[in-house]
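Any value given below was found using the heavy atoms of this structure, including those in side chains, with hydrogens, waters and symmetry copies removed.
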Amino acid sequence: MPRNSSGVYSKPAGTTPSVGQVIDPVPWNALTTDLGNEITNSLPRDGSAPMTAPLKNADGTQAQPSVTFSSDITTGMFRKASGVGALVAGGSEILNWSGSGVGVTGNFSTSGVLKGRLDYAEKGGSYLAVAADAGSTLRFTATATLSLTASATLASGWSVDVFAYGGDVTITPNGTEAINGIATPLVVKQGRKLTLYCDGVGFYTAVPGAWETIGENSASAAAAVVVTNLSAFKRLRITGYMQPSVAAQLLLRTSTNNGVSFDQAAGDYQYSAVYGNGATAASITSSGATAVSVGAGGTTENSDFTGGIQFEIIIENFNKTRGAKGLITFGNRAGSGNFAVGTIQFLRAGATARNAFQLISAGAVNSIWEVLVEGVRG
């Protein structure tokens with residue numbers, strides 16, 4: 001008689017003799033044959049024969065896995081839940097698998113090539129990054145804002161690839177959190193890609209090349225553009241243009257208190273400019289200025305938007321305790337049919353680190369602004 005479905009063996013009837021009873025050979029021979037069959041059907045410990053049906057184990061637990069080792073009974077495999085298996089090492093779960101995939105706790109390493117499909121999603125507009133996006137690539141097909149869930153919620157080890165394919169993507173941290181220590185949103189320019197990492201407190205990313213995009217500032221009716229939280233940068237590059245509503249001068253000032261106020265005392269700035277204005281060459285020198293005057297005289301507004309001033313400003317020693325110096329190249333419309341181009345070198349005297357700046361339309365004139373700010377840390 002074979003084992004039942006629970007593996008319990010029951011010997012054939014009539015094979016339990018009493019003392020002095022003559023043993024009937026028929027049932028006794030049936031018993032010995034049955035025992036031989038069951039011994040043959042058992043799994044040999046030396047592994048000389050394989051199982052002919054699935055091997056069923058107890059469910060086990062994380063502390064006591066059902067498949068384990070004689071010298072280490074806390075390492076092995078157990079049934080975690082319906083349809084979910086798990087591996088443990090030293091009583092700690094390190095991997096689980098189910099119909100939805102494989103989950104790994106801790107580090108994953110390989111000596112070979114890791115192949116497979118990347119977790120990829122397209123976004124046609126602004127999006128809030130969540131914990132489930134970890135390890136994925138987000139390709140934005142339009143200008144958009146990527147808002148970040150709080151770093152404590154995303155947790156240390158979270159990362160995502162951001163690919164700006166259809167326009168610039170502005171990455172905005174949660175609340176007062178920062179990217180690379182900067183609270184100003186990070187801009188991924190059209191055609192570029194970066195990987196953003198979370199450490200549970202803030203966010204970090206490797207920026208290709210020395211120059212790091214700090215932010216792009218656009219305004220249609222503003223008298224000034226102010227950029228703060230720049231204490232990490234020794235070098236700044238500020239490029240763009242200003243289109244005033246009426247003729248106005250463009251001024252530059254710096255701050256040592258993160259924009260609470262801007263240095264504008266007489267003598268705070270010294271600068272010299274050399275420029276060509278129409279068919280005339282000229283130069284300007286100022287040693288007692290309250291701001292750096294960018295351009296050559298007031299710039300005009302034209303109905304076809306051909307007026308205004310275009311500029312590139314490089315500032316060295318911005319966050320150092322020594323004088324900050326800079327070089328400006330510019331071109332502007334300085335009157336009807338009159339264009340000026342030139343170069344300005346300036347110095348902000350004083351051994352105090354700077355952490356903010358402002359660009360101003362003199363006289364509080366409203367202007368159209370497009371200003372890109374980049375920096376080098378140090």
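- In this structure, the side chains of L359 and W369 come closer than 4.5 Å at one or more pairs of heavy atoms.
- Aromatic ring orientation, F318 versus F357: perpendicular (interplanar angle above 60°, classes split at 30° and 60°).
- The shortest distance between side-chain heavy atoms of I313 and F346 falls below 4.5 Å.
- Under the 4.5 Å side-chain contact rule for hydrophobic residues, Y204 and V160 do not share a cluster.
- Between the OG1 atom of T321 and the CG atom of N319 there is a distance of 9.0 Å, given to the nearest 0.5 Å.
- Side-chain atoms of D268 come within 3.5 Å of backbone N or O of A265 as a donor-acceptor pair.
- The neighbour count for Y197 OH, taken as heavy atoms of other residues, nucleotides or ligands under 6.0 Å away, does not exceed 12.
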- Task: Could you check N317 against K234 for side-chain contact (heavy atoms from CB on, under 4.5 Å), going step by step and ending with a plain yes or no?
- Result: CA-CA 5 Å; N317 299 328; K234 66 179 181 181; over 6 Å; no
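- Note on I179 and L194: same hydrophobic cluster, where clusters join Ile, Leu, Val, Met, Phe, Trp and Tyr whose side-chain heavy atoms are under 4.5 Å apart, directly or indirectly.
- Residues T170 and L146 are not in side-chain contact: their nearest non-hydrogen atoms beyond the backbone lie 4.5 Å or more apart.
- When the shell of 6.0 Å around CD of Q310 is examined, it contains 12 or fewer heavy atoms from other residues, nucleotides or ligands.
- Closest of all the heavy-atom pairs between V88 and F78 is CG1-CE2, 3.4 Å.
- Heavy-atom neighbours of I73 CD1 from other residues, nucleotides or ligands within 6.0 Å: at or below the threshold of 12.
- Side-chain polar atoms of S261 and N257 form a donor-acceptor pair below 3.5 angstrom.
- Between the OG atom in S98 and the NZ atom in K80 there is a gap of 9.5 Å [rounded to 0.5 Å].
- Of all the heavy atoms in P65 and T75, the pair that sits closest is CG-C, 4.0 Å.
- Residue I238 comes nearest to V371 through the heavy atom pair CG2-CG1, 3.6 Å, listed as atom of the first residue, atom of the second, then distance.
- Listed here is the closest heavy atom pair of A49 and P44: N-CG, 3.6 Å.
- Taking 4.5 Å as the limit, some side-chain heavy atom of F330 sits within range of a side-chain heavy atom of I344.
- The closest side-chain heavy-atom distance from S367 to M242 is below 4.5 Å.
- Atom CD of Q345 sits in a sparse spot, with 12 or fewer heavy atoms from other residues, nucleotides or ligands closer than 6.0 Å.
- Under the 4.5 Å side-chain criterion, counting only non-hydrogen atoms from C-beta, T343 is in contact with L327.
- The shortest distance between side-chain heavy atoms of T329 and I314 does not fall below 4.5 Å.
- Side-chain N/O atoms of E370 and S218 include a donor and acceptor closer than 3.5 Å.
- S293 and Q249 are linked by a side-chain donor-acceptor pair at a separation below 3.5 angstrom, with hydrogens and angles left out of the test.
- Side-chain atoms of Y241 and N332 include no donor-acceptor pair closer than 3.5 Å.
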- Task: Could you give me the CA-CA distance, side-chain angles and deciding distance for L148 and L196, then say whether side-chain contact (heavy atoms from CB on, under 4.5 Å) is met?
- Result: CA-CA 10 Å; L148 302 176; L196 190 68; 3.7 Å; yes
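- Tested against D263, the residues R354, R253, R348 include a single side chain to side chain donor-acceptor pair (under 3.5 Å) partner, R348.
- Hydrophobic cluster membership differs between L138 and F163, with clusters built from Ile, Leu, Val, Met, Phe, Trp and Tyr side chains linked at under 4.5 angstrom.
- Panel note: side chain S147, backbone N174; no donor-acceptor pair is recorded below 3.5 Å.
- Of all non-hydrogen atoms in L236 and W211, the two that sit nearest each other are C-CZ3, 3.8 Å.
- Although no hydrogens or angles enter the test, the distance criterion places no donor-acceptor pair under 3.5 Å between the side chain of S126 and the main chain of A144.
- Considering CZ of R139 and CD of E122, their distance stands at 4.0 Å, rounded to 0.5 Å.
- With 3.5 Å as the limit, one finds a donor-acceptor pair spanning the side chains of S151 and E177.
- Between the side chains of N29 and T32, no donor N or O sits under 3.5 Å from an acceptor N or O.
- The line from CG of N355 to CG of N258 is 4.5 Å long, rounded to the nearest 0.5 Å.
- Side-chain contact of N107 with S109: a donor-acceptor pair under 3.5 Å is absent, judged by distance alone.
- Taking CG of L128 as the start and NZ of K123 as the end, the distance is 10.0 Å to the nearest 0.5 Å.
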- Task: Could you check S231 against N229 for side chain to side chain donor-acceptor pair (under 3.5 Å), going step by step and ending with a plain yes or no?
- Result: CA-CA 6 Å; S231 59; N229 300 309; over 6 Å; no
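- Heavy atoms of other residues, nucleotides or ligands lying less than 6.0 angstrom from CD of Q190 number more than 12.
- The backbone N or O of T153 sits nowhere less than 3.5 Å from a side-chain atom of W158 that would complete a donor-acceptor pair.
- Contact check on R235 versus E316 returns a salt bridge, with a Lys/Arg side-chain nitrogen under 4.0 Å from an Asp/Glu carboxylate oxygen.
- In the hydrophobic clustering of this structure, F262 does not group with L230; members are Ile, Leu, Val, Met, Phe, Trp, Tyr whose side-chain heavy atoms approach within less than 4.5 Å, directly or through other members.
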- Message: Between L35 and N37, does the side-chain contact (heavy atoms from CB on, under 4.5 Å) criterion hold? Intermediate values first, please.
- Response: CA-CA 5 Å; L35 289 174; N37 291 338; over 6 Å; no
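- Using modelled atom types and a 3.5 Å distance limit, the side chains of N366 and S245 yield no donor-acceptor pair.
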- Given side-chain contact (heavy atoms from CB on, under 4.5 Å), test V162 with I171 step by step and report yes or no. CA-CA 9 Å; V162 182; I171 305 177; 4.2 Å; yes
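- In this structure, D199 contributes its side chain and G202 its backbone to a donor-acceptor pair below 3.5 Å.
- The two residues T16 and Q21 come nearest to each other via the heavy atoms O-OE1, 4.4 Å.
- Rounded to the nearest 0.5 Å, atoms OG1 (T74) and CD (Q62) are 10.5 Å apart.
- A single hydrophobic cluster is not seen to contain both I360 and V246; linkage of ILVMFWY side chains at heavy-atom distances under 4.5 Å, directly or through other members, places them apart.
- At least one side-chain heavy atom of E212 sits less than 4.5 Å from a side-chain heavy atom of R377.
- In this structure, the side chain of N180 engages the main chain of T205 through a donor-acceptor pair within 3.5 Å.
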